[in-house]
Participant: 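This structure is in structure tokens; I'll ask about it shortly.
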Amino acid sequence: MPYQAPVRDYVFLLRDVLQLERYADLPAFADASMDTVEAILEEAGKFTSEVLAPLNGVGDKQGCTWSPDFTVRTPSGFKDAYAQLVAGGWPALGSDPEYGGQGLPHVVNLAFSEMSSSANMAFSMYPGLTHGCYSAIHVGGTPEQKAMYLPKLCSFQWAGTMNLTEPHCGTDLGLLRTKAVPQADGTYRISGQKIWISGGEQDLTENIVHLVLARIEGAPAGVRGISLFIVPKFLPDADGNPGERNSVKCLGLEEKMGIHGNATCVISHEESTGFLIGEENQGLRLMFVMMNEARLGVGLQGVAQAEAAYQAAAEFAKERLQGRSLTGPKNPDGPADPIIVHPDVRRMLMDARAIVEGGRAFMAWTALHGDLSHASPDEAVQQKGRDYMALMTPVVKAFLTDRGFDVCSDAMQVHGGSGFTEHFPVSQYLRDVRIALIYEGTNGVQALDLVGRKLAADGGRGVMSFFAELDAFIAGEADPAMKPFTEALGKAKGELQEATMWLMQNGLANPDNAGAASTDYLHLFGLTALGYMWALQAKAALARVAAGDTDPFYETKLVIGRYYLERVLPETASRLAKLKTGSDLLMKLPAEAF
């Protein structure tokens, strides 16, 4: 069965759960009526399932091809699909109308991004990184830089990348060696090598805009001396068209486990011409605009690949005949029953739906707070949006990719030996999603960021606000049908709060305690957040049922939500128990004992 975009689920989330039309009086939401949004979702579903999904296997098998003239050819069909992407106006959904965008809330664009990534993760990375580049220039660029680059990036006529990692340093960007030498005309000569640059060279666009971290000669050591530069593949001429070729070269492509359709490049800057963006020595702060957007996009990839893998596994389970049901034949006229009758197969499929649909709600809820951080006229709402975006970003990135990988692994398990072959698509989903646990900061780094910086930020204002929101929701629910959800959420929230207090008391006394607890804490946070998302979805579904809606979609939601409460959420207790053991045993053995 080909990939089917989750249009129905997004309509439910945006209309019933998040109630997008509540914000219709805000200029940023004025064009986001549900009629408009539903039409966008339907067309997005068609484009991603009909145009992008058929190319997913093609990209995996063909990969990209590097040539000695430093060019890269993308897989067959990618160029035409990219042209259709641009012609359809999909890149401009959430961008600033001043530069050619449609100005819709990011939460609407999120839906298209998930569908695109599910249909073809490698392809979707090209426009995904371009939007991050657009965002960084939109925040930090001069008026001239915005006028030059943003319209072309907004339309995706030009692509964007970020050049961070170097052969000798990954996460620790303070060690980077790429240097920038000021020139008399105000430009800089950029010299150095960057690796693992997604979309660093391709044949889809007429120009590529690299955002490059480098150190200006004489700048302080470490992260305090890093600046950010715009380094286009072709230097724009006076009319803003691609002109002289810059001295940026793709020296080769990485051989990778997955995402073969995306060109992962080794990029050499050989005194290439760069333009400072933002202030000197403030490049990392500005690059984090792009990095944080990318981290949310990576969390989305975890859900997206899990959705595609679940669909493949569910279809296989309904068709594959093997064994008989433990309670008697369900296919008495056939030689065996379909494997979906077996409880353990159903366990894997139900785990998948509970995580995917809860994770999708979590992404959309977080994205809406991001929209309100800019769009709301209420400063308190803006502040809450900013706090939540900072607090939730590492959770979205790490929790949803960890769990997304688990779903893809279970989907392969449902396929049995068939899944381990390349005759079925699930092996590609598993291979493709694995990078999501690593790039844009490994999940362990995300956990350290959460416990080391985000919890304590502004005196813990963000996490205290989240706790207060959960308490208010639980206290405000009088419907007896909601009791299982509020009780389970209250228990999980209590465990998360206990873990937070333990970190505050023990992490400061011994930082290794915080480090040892960080991953368990992040998962405890993610599990609780999805518990809240399932409670919100249950409330919306119950309201529909009470209003007389007989669509089985809502009863299905309630069943999956209850499954999450009973079979997934109890993991919070074990996560709390583990994190409270501290770091003593973890750190006890000397290094040579490993």
Side-chain angles (χ1 to χ4, degrees), residues 2-6 44-45 47-64 74-78 81-82 85 90-91 109-132 156 159 161 196-200 202 204 253-254 256-265 293-313 352 355-356 359-360 363 396-397 400-409 411-412 422 424-440:
Y3 165 72
Q4 300 293 309
F47 175 75
T48 54
S49 61
E50 296 174 8
V51 178
L52 300 187
L55 296 174
N56 198 36
V58 175
D60 185 51
K61 291 175 176 61
Q62 285 189 9
C64 296
T74 54
S76 300
F78 271 43
Y82 193 90
L85 176 85
W90 296 110
N109 187 59
L110 174 88
F112 172 74
S113 297
E114 187 206 319
M115 295 176 194
S116 174
S117 187
S118 278
N120 196 323
M121 178 174 164
F123 178 94
S124 71
M125 290 171 64
Y126 293 108
L129 287 164
T130 296
H131 194 272
F156 287 16
T161 77
W196 306 337
I197 309 305
S198 299
Q202 34 80 0
L204 306 175
L253 298 175
E254 303 288 354
K256 299 171 302 196
M257 176 180 176
I259 54 170
H260 296 148
N262 193 270
T264 306
C265 303
E293 183 170 316
R295 285 169 177 168
L296 293 172
V298 172
L300 178 148
Q301 288 176 333
V303 171
Q305 294 304 286
E307 169 69 36
Y310 160 75
Q311 289 188 21
I355 291 296
V356 168
R360 178 178 295 127
M363 291 190 306
V396 168
K397 192 278 182 187
L400 295 184
T401 56
D402 274 347
R403 295 307 173 108
F405 178 79
D406 290 344
V407 169
C408 291
S409 181
M412 177 177 282
E422 297 301 321
F424 291 82
V426 71
S427 66
Q428 182 184 349
Y429 299 134
L430 186 67
R431 288 185 286 104
D432 283 354
V433 79
R434 188 60 185 83
I435 185 58
L437 285 68
I438 299 171
Y439 59 14
E440 306 308 333

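Since the model is a prediction, treat every value here as computed from it, not as a measurement. In this chain, residues are counted from 1 in sequence order.
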Participant: Please find the pair of heavy atoms, one from Pro6 and one from Met115, that lie closest to each other, and give the distance.
Facilitator: CD-CG, 4.1 Å
Participant: Say you draw a straight line from CG of Leu52 to OH of Tyr3; how long is it, rounded to the nearest 0.5 Å?
Facilitator: 10.0 Å
Participant: Working to the nearest 0.5 Å, report the span between CG of Asn262 and CD1 of Ile197.
Facilitator: 11.5 Å
Participant: Would you call the rings of Phe156 and Tyr82 parallel, tilted or perpendicular, where under 30° means parallel and over 60° means perpendicular?
Facilitator: parallel
Participant: Any donor and acceptor pair, going by atom type alone, linking the side chain of His260 with main-chain N or O of Lys256 inside 3.5 Å?
Facilitator: yes
Participant: Would you call the rings of Trp90 and Phe112 parallel, tilted or perpendicular, where under 30° means parallel and over 60° means perpendicular?
Facilitator: parallel
Participant: Just by distance, do the side chain of Gln428 and the backbone of Asp60 share a donor-acceptor pair under 3.5 Å?
Facilitator: no
Participant: Run the salt-bridge test on Glu440 and Lys397 with the 4.0 Å N-O cut-off and return the result as yes or no.
Facilitator: no
Participant: Indicate the atoms forming the closest heavy-atom contact of Asp432 with Met121, along with that distance.
Facilitator: O-CE, 3.4 Å
Participant: Looking at every heavy atom in both Tyr429 and Ala309, which two are closest together, and how far apart are they?
Facilitator: CD1-CA, 3.7 Å
Participant: Establish, from distance only, whether the side-chain atoms of Gln311 and Glu307 form a donor-acceptor pair under 3.5 Å.
Facilitator: yes
Participant: If you measure only the distance, is there a donor-acceptor pair under 3.5 Å linking the side chains of Ser427 and Glu422?
Facilitator: yes
Participant: OG1 of Thr161 to CG of Leu129: how many Å apart, nearest 0.5 Å?
Facilitator: 7.5 Å
Participant: Nearest 0.5 Å, what's the CD-SG distance between Gln202 and Cys64?
Facilitator: 9.0 Å
Participant: Of all heavy-atom pairs between Gln62 and Ser76, which one has the smallest distance, and what is that distance?
Facilitator: OE1-N, 2.8 Å
